[in-house]
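Notes follow once the structure below has been shown.
Given the structure is predicted, the values throughout are model-derived calculations rather than measurements.
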Amino acid sequence: MNRLLLAAYPEPYRSRQGEELLACLSEAYPGRSWPPPREVVAVARAGVQARARAVVDDTARPWWLDGIHLTALVLAALALVPYLQDVWHWALRIDPGGHAIAFDFSGWYPWAHGPDTRTRLLPYGLLPLVCLIALLRGKPWIALPAAAAMIYAGAAFNSSTLFGDEGKAGLGYYGLGAPITARDLVLSGALCTACAVLAACRPGRLRRRSYGWLVPVVFAMFMAGSLHIIAISPAFQRGMFALEVAALIAAWAATAATGDHRWLIPVAAFAFIRTQAIVIQPNGFMQSLPDLVVLVLLVAPLPALAIAAQRRQSRALLE
């Protein structure tokens, strides 16, 4: 089980010092397959810092370009999460029936015909999924048309049934704020803009990540599809809240370890989109947390990351 902790470290570190780290853990905690929670947190934090330093040491691309790439990935993932169950069911040709996402006609598919049904060609969730896969592989020219189609689907939600109408007029993803539906074009517009900037750059300058990063996405789809977990369920909201807080902490740890500002760009984009959703739809806010608490959680990471970067740079100058 200790080997699972090595996944937090970059591959060069694992090949050079992975066995040494495993030996240290076995010697410090003999007979245990998993170290104490405090040690797990320490090892994971060190792994995040090692990955962050490896990213900063790679000078093949400017920091701001990498930051925009990370922003596009974050926005694509944010747009995908309400449709995890829907895409899984569509791909496996499953009609969820009464467990369908709580949107109009969301339980019907082109191969499921019946009285009073309204069919569609593709689920809307395929668009952010295509964006996410293309961006992971460093191919923004594939992600750009998908992001543009997201804008079209949101703008034409009253007239087009190509992707159905689930998520466009109904409830969307809450997370740390008010619902974001497909017709809220701020998210899809920001994603399309980021993809356009990336597509204008030389392909070789973009970071290409392995398909292994899709494993948690497939697992999330499997869990949502098998357990019929929809985006507005309490279990989904608690899980996403924990995941978003963990991502913000990871961004802070990476910034504090390197003094680099690239992680500030996706955090700022995420905070802007979530905050505008609260401002525009204050009555749609899910009252799982007080509004002030959510706004603090969204806005506070921005100065925290900037201060962490400044302190790290000051220490580097003194050294």
Side-chain angles (χ1 to χ4, degrees), residues 10-11 48 51-52 54-56 58 60-84 86-88 91 122-154 163 167 172-173 175 180 182 184-221 240 243-244 246-248 250-251 254 260-274:
E11 195 282 329
V48 171
R51 282 187 177 274
V55 169
V56 174
D58 183 2
R61 60 198 58 83
W63 67 270
W64 59 266
L65 182 62
D66 213 21
I68 294 175
H69 196 175
L70 289 170
T71 300
L73 287 168
V74 169
L75 296 182
L78 184 62
L80 173 63
V81 287
Y83 310 102
L84 294 172
D86 193 35
V87 173
W88 181 262
L122 297 170
Y124 176 82
L126 279 184
L127 298 176
L129 179 60
V130 169
C131 280
L132 183 64
I133 296 174
L135 290 168
L136 280 172
R137 298 301 296 166
K139 299 178 179 179
W141 59 90
I142 298 177
L144 181 58
M150 291 172 61
I151 297 177
Y152 166 78
F163 300 103
Y173 167 57
I180 296 179
D184 297 330
L185 302 182
V186 176
L187 173 57
S188 55
L191 175 59
C192 188
T193 301
C195 291
V197 173
L198 297 174
C201 301
R202 294 197 307 272
R205 302 186 71 189
L206 299 181
R207 191 181 305 277
R208 297 184 62 183
R209 295 167 174 84
S210 70
Y211 286 109
W213 286 93
L214 291 174
V215 171
V217 177
V218 175
F219 178 75
M221 287 183 179
M240 288 308 303
L243 181 61
E244 289 173 354
L248 292 174
D260 195 272
H261 290 84
R262 73 188 66 206
W263 292 280
L264 187 60
I265 300 177
V267 172
F270 174 83
F272 171 74
I273 290 172
R274 304 306 298 143

- Query: Where do V186 and F272 land on the side chain to side chain contact (heavy atoms under 4.5 Å, CB included) test, with the steps shown first?
  - Reply: CA-CA 9 Å; V186 176; F272 171 74; 3.9 Å; yes

Provide the closest heavy-atom pair for [X] versus [Y] in the form atom of the first, atom of the second, distance.
X	Y	value
A147	C195	CB-SG, 4.5 Å
V267	A251	CG2-CB, 4.0 Å
A79	P82	O-CD, 3.3 Å
G189	I151	CA-CD1, 3.9 Å
A146	C131	CB-SG, 3.6 Å
L191	A72	CD1-O, 3.4 Å

Reported [atom1]-to-[atom2] distance for the pair [X] and [Y], which is rounded to 0.5 angstrom:
X	Y	atom1	atom2	answer
T71	I273	OG1	CD1	9.0 Å
L206	D66	CG	CG	8.5 Å
S188	Y124	OG	OH	5.5 Å
L144	C192	CG	SG	5.0 Å

Please examine the side chains of [Y] and [X], heavy atoms only from C-beta on, and report whether any two atoms are closer than 4.5 Å.
X	Y	value
L70	W263	yes
W63	I265	yes
M150	P128	yes

- Taking H69 for its side chain and L135 for its backbone only, find out whether a donor-acceptor pair lies under 3.5 Å.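 Yes; at least one donor-acceptor contact below 3.5 Å.
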
- Query: Hey, is the main chain of R209 close enough, under 3.5 Å, to the side chain of R137 for a donor-acceptor pair?
  - Reply: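 Checking the backbone N and O of R209 against the side chain of R137, a donor-acceptor pair under 3.5 Å is found.
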
- Given L80 and M221, is the side chain to side chain contact (heavy atoms under 4.5 Å, CB included) satisfied, shown in steps? CA-CA 10 Å; L80 173 63; M221 287 183 179; 4.3 Å; yes

- Message: Apply side chain to side chain contact (heavy atoms under 4.5 Å, CB included) to residues L127 and V130 and explain how you reach the verdict.
- Response: CA-CA 5 Å; L127 298 176; V130 169; 6.0 Å; no

- Message: Walk me through whether L136 and Y211 qualify under side chain to side chain contact (heavy atoms under 4.5 Å, CB included).
- Response: CA-CA 8 Å; L136 280 172; Y211 286 109; over 6 Å; no

